[in-house]
Amino acid sequence: MTDFLPRDTPVQLVDTTGAFSADPVYPTPAPDALVDGYRSLVIGRRVNDQCNALVRQGRLAVYPSSHGQEACQVAAVRVLDADDWLFPTYRDTVAVMLKGVAPAEATLMLKGDWHGGYDPHVHNVAPQATPLATQLLHAVGFAHAAVLKGESTVVLAMCGDGATSEGDFHEALNFAAVFHLPVVFFVQNNGFAISVPLSRQTAAESLAHKAIGYGMPGERVDGNDLAALLSVLGAAVDRARSGGGPTLVEAHTYRMQAHTNADDDTRYRDGSEVRAWADRDPLLRLRTHLRREGLLTEESEASFTEAADSIAATLRDALNTDAQLDPDDLFRFVYATRTPQLEEQSALLDGELRRTGQEAQA
Amino acid sequence: MTMIQDRPMAASANRETMTMATAVNRALGDAMADDDTVLVFGEDVGALGGVFRVTDGLTARFGERRCFDTPLAEAGIMGMAVGMAMNGMRPVVEMQFDAFAYPAFEQVVSHVAKMGNRTRGRVRMPIVIRIPYGGGIGGVEHHCDSSESYYVHTPGLLVVAPATPQDAYSLLRSAIRSPDPVVFLEPKKLYWAKGEVDTSLEVPIGAAHVIRAGTDATLIAYGTSVPIALAAADAAEEEGRSLQVVDLRSLTPYDDATVDAAVRSTGRAVVIAEAPGFASVSSEIAARVSERCFSWLEAPVRRVTGFDIPFAPPKLERYYLPDVDRVLDAVDTLNWDA
């Protein structure tokens, strides 16, 4: 059972100064994987910046930023195969895009056009869950069905530190362990559940220690170190795929910005703490490391910036366009077949629109 | 949503007399045999065969991969069903008792009911949630709730409540085939009542039917209240009053057309339900009938329901439950001198 214990300190491969040190257990990611990962970090940071700007311009209703957590967003996606599934939360829009969902579709919910904007089965990304920890159970069920069908799918389910206090977190880990399912539970411990600090969520030594109680391995990793994240999450995915069952991985990171634009984080945390975490920025340290190793050229950096600019432009175009919304969509998807009552209500709304001259668009 | 006609059952090799519990068991087994993606899971549904023996023999027949026990956690059962449905399965989950389904409520309301709408129809939830419900069995607290109003008030769910072995069999087959989630309410007190079942008979979700003809007033019932309505009609007949009985069978979708036609034919209506009456399925039915049949009504629509209290303890439940006398008292108030 002691094999399941997480380390006393989070696994780290690249420290805050960009210095690398090999780990006796976790392998060092290939240089290409780090360079490609850095490219995704640059894109992720740009997506966060652009979405924040679009909130200020009134084009997005709300945006829960993952600024500072981009290494977690990138690693969660890069350790998965194309056939694997991601179960993200509302703060994981960057991961959703990196898994392949078009920016316009990934932000459609936050824009307010609909409650979800993409087909989960196209890129194997479940709808972003707004209720806390509920999606962890969906991930468990999805993995269970995959096992019953004889498929080798691995499911990576994301949640935050606050969600570990929910009952569904407990039930999901317990079910996954009892049924020995290929699920990686990935907790981004960013220090805060809106305003409430981790100390009010748990008295455990770490969130990763909770794994012991379920009979699965737990591990802690530096959530701002992409190299360590790729290695630790990669090992958990390998274990899941080879029939080794679920793993709980806790990434120690920090929410650099407020919960959302509607939040005021000066009411509950000190600016000096935020500034201290800025020195541990995931982009900064990997860039330093890659440049020191000669793996990052001026040209490649310029091309990464260009790719990020291009996605930002796509986001702006998508969100500056007002979609033609059909009010009858409100009734269209509730059931596979409309009930007689919904037919009546749809006709009522249609009649109102006709009388006021705003006909529903077909 | 097509209506079925009352018709004498054709002679069929598929007819057999059985209890409602057996009918549900038969429907589960037949559905599992027809479709490999149908899975049955919950608490004690495996080796034990369920506390009401409704899943008896399914694990032995189909194996532990198709019918299995879970950890004791209703939200876990429901959330796992959501993920399984996303991945091509048709889960039939058992909530052991009505009030023990409440821990699963968030998964039901926020995901089971909304996933199809959230994904614009791309991800449907073909899940059946079986819930033994209602009182009349001398059960202790948390074992006798009539919780249908919670589910009926949640858009995205279909809700059915059969009152006969035939409807239990046929509606469960329809529910398992449905692309939408179905809350399947099984009246515990009727589990051991016997009736004839024709396994070839299809009953669509959303179709009420008149189960007893009558001309003076209409009794509207579902699930646990159907036998009360029939007994009341028998008693009234002896007093010279002809009561028609409508068995709703489905609560969502609600069959306005059948109910409206029935009430318009008699001009009087009493709704009978075991659940507390305030802001309930019975109040919705009374409101709809009043709105839609006003010109035909000779009297206000009356309701005979449970009191607005927590379900009564075993030795007091007879005071709580609607019964024949309470129904007949309500019928007596229907403005007969008009």
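Naming convention: chains lettered A, B, ... in sequence-line order (proteins, then strands); numbering from 1 in each chain.
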Using non-hydrogen atoms and a 4.5 Å limit, figure out which bit of [X] sits close to chain A: side chain, backbone, both or neither.
X         : answer
Thr252(B) : side chain
Pro179(B) : side chain
Met86(B)  : both
Ala73(B)  : both
Met125(B) : neither
Leu157(B) : backbone
Arg65(B)  : both

Examine whether an atom of [X] lies under 4.5 Å from a heavy atom of chain B, and if so say whether it belongs to the side chain, the backbone or both; otherwise answer neither.
X         : answer
Glu343(A) : neither
His170(A) : neither
Val147(A) : backbone
Phe179(A) : side chain
Val178(A) : side chain
Asp168(A) : side chain
Ala139(A) : neither
Ala172(A) : neither

Between [X] and [Y], is there a donor-acceptor pair closer than 3.5 Å when you use the side chain of the first and the backbone of the second?
X         : Y         : answer
Gln341(A) : Tyr254(B) : yes
Thr339(A) : Leu342(A) : yes
Asp98(B)  : Asp145(B) : yes
Arg66(B)  : Val38(B)  : yes

Do [X] and [Y] sit within salt-bridge range, that is, some charged N less than 4.0 Å from a carboxylate O?
X         : Y         : answer
Arg338(A) : Asp328(A) : yes
Arg249(B) : Asp255(B) : no
Asp238(A) : Arg241(A) : no
Arg177(B) : Asp35(B)  : no

Chain B contacts, top residue of [options] (heavy-atom pairs, under 4.5 Å):
options                                    : result
Asn174(A), Val140(A), Leu137(A), Val155(A) : Leu137(A)
Trp114(A), Phe87(A), Tyr118(A), Tyr335(A)  : Tyr335(A)
Glu344(A), Gln135(A), Glu151(A)            : Glu344(A)

### Task
For the pair Phe142(A) and Trp85(A), name the ring-plane relationship: parallel under 30°, tilted 30 to 60°, perpendicular over 60°.
tilted
### Message
Testing His121(A), Lys149(A), His144(A) one by one against Asn87(B) for a side-chain hydrogen bond (donor to acceptor under 3.5 Å, both in side chains), which residue passes?
### Response
Lys149(A)
### Query
If you take all heavy atoms of Ala262(B) and Val210(B), which pair is closest and at what distance?
CB-CG2, 4.4 Å
#### Entry: Winner by heavy-atom pair count (cut-off under 4.5 Å) against chain A, out of Leu39(B), Val82(B), Val123(B), Asp36(B)
Val82(B)
#### Entry: Closest-packed option against chain A by number of heavy-atom pairs under 4.5 Å, given Pro155(B), Pro91(B), Pro71(B), Ala113(B)
Pro71(B)
### Polar contact flag, side-chain donor to acceptor under 3.5 angstrom, Asp180(B)-Ser178(B)
no
